[in-house]
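Atoms within each ligand, like the ligands themselves, are counted from 1 in listed order.
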Amino acid sequence: MNQKLAIQFPNSISLTIKREDLLHPVVSGNKFRKLKYNLLQAKAENKKTLLTFGGAFSNHIAAVAFAAQEQGFQSIGIIRGDELSDKIESNPTLQFAQECGMQFEFVSREAYRLKNEAAFLADLQSKFGDFFLIPEGGTNLLAIKGCQEILTQQDSEFDYVCCAVGTGGTISGIINSALSHQKVLGFPALKGDFLQDEIRIFVQNQNWELITDYHFGGYGKVNENLIHFINRFYIENQIPLDPVYTGKMVFGVMDLIQKDYFPAHSNILLIHTGGLQGIYGMNERLKNKQLPTIAIDV
Ligand SMILES: *Cc1c(COP(=O)(O)O)cnc(C)c1O
């Protein structure tokens, strides 16, 4: 569903937000798109168990746990950080995943880095038996195929399509289905120059660019400015934004508009990729640091 924002900009720029966060009450946004064809494939291969990887507040972990339960799979989450094993109760994401029946395997950060190596996977196989593997963040060819369904024919009116970037899977699907007169802008939620190359593996089109100035210090990092922006945006537009991805992207787009980055009359589409479950965990961390929290009830 596309929702045009009522905000008036001086140079006739118009903003519309694609509410992918409303796709599903739990598996919202791009994680729903990324799982769609993976789940069909797992069924086609007659797999009973889904295994995947993620961090403590991962939207992907929450999505896989819920989708597995809904569709009759067992699920296993390999979680980064062995210090978390006795902190499930204080972590809303892990608690939710556990309630969905996900079984956890907590691994040290060092071990987690080896997760794509054959020996690591062989270990998991001997421990858990046969499973359908979904990579960290859910990005693979089937995920990108799902994300190619985010843009539709009705979206051809837009000049710019903006979305948040984590592993690059979502933007790859969007780039593949964008039209030649459109420009796709990606806003990485983390630091690092590797994303450009990751995305190039999956796309042919050249009409895209990464805007790397709005990661706010790195993955999962926020400041008071961002929190206030998210709270204000909610009051003014009744649209909740998550602090890890979409909040940073929308902040970035607003800032670029102020800086006259976009030509007059640009018709801009923002992709709301969901991730609202992350607000609970972020608010716990903000409270601990005695910082203002996100005043959104989702
Ligand atoms: C995972 C996620 C992203 C990033 O998607 P990638 O395909 O990994 O780039 C963006 N927004 C939200 C809300 C997410 O949960």
Ligand 1 to Gly275, heavy atom cutoff 4.0 Å, flagged ligand atoms 13 (C)
Ala189 versus His215, closest heavy-atom pair with distance
C-CB, 4.0 Å
Does some non-hydrogen atom of Gly168 fall short of 4.0 Å from ligand 1?
yes
So for Lys34, does at least one of its heavy atoms come nearer than 4.0 angstrom to any atom of ligand 1?
yes
Could you list the atoms of ligand 1 found under 4.0 angstrom from a heavy atom of Gly169?
6 (P), 7 (O), 9 (O)
Any Lys31 heavy atom less than 4.0 Å from ligand 1:
yes
Tell me, which protein residue and heavy-atom name are nearest atom 4 (C) of ligand 1, and how many Å apart are they?
Gly166 N, 3.4 Å
Is it the case that atom CD in Glu105 sees more than 12 heavy atoms from other parts of the structure closer than 6.0 Å?
yes
Does Ile171 have a heavy atom less than 4.0 Å from any atom of ligand 1?
no
Indicate, with yes or no, if the rings of Phe53 and His60 have centres closer together than 6.0 Å.
no
Given the options Tyr245, Phe216, Phe233, Phe251 meets ring pair (Phe, Tyr, Trp, His ring centres under 6.0 Å) only with Phe216
Count the heavy atoms belonging to other residues, nucleotides or ligands that lie under 6.0 Å from OH of Tyr261, then report whether that count exceeds 12.
yes
Ligand 1 to Thr273, heavy atom cutoff 4.0 Å, flagged ligand atoms 10 (C), 11 (N), 12 (C), 13 (C)
Relative to atom 8 (O) of ligand 1, which among Thr139, Ile144, Thr167 owns the nearest non-hydrogen atom?
Thr167
Quick one: which ligand 1 atoms are inside 4.0 Å of a heavy atom on Val165?
9 (O)
May I ask you to identify the nearest protein heavy atom to atom 5 (O) of ligand 1, giving residue, atom name and distance to one decimal place in Å?
Asn30 ND2, 2.9 Å
Contact atoms of ligand 1, heavy-atom distance to Asn59 under 4.0 Å
13 (C), 14 (C), 15 (O)
Do the side chain of Asn205 and the main chain of Leu179 share a donor and acceptor less than 3.5 angstrom apart?
no
May I ask you to check whether over 12 heavy atoms, not counting those of Asn288, lie within 6.0 Å of atom CG?
yes
Nearest 0.5 Å, please: how far is CG in Asn237 from CZ in Arg232?
11.0 Å
Protein heavy-atom partner closest to atom 12 (C) of ligand 1 - residue, atom, separation in Å
Tyr245 CD1, 3.2 Å
Looking at Phe120, I'd like to know if the NZ or CZ of Arg113 sits under 6.0 Å from its six-membered ring centre while staying within 45 degrees of the ring's axis.
no
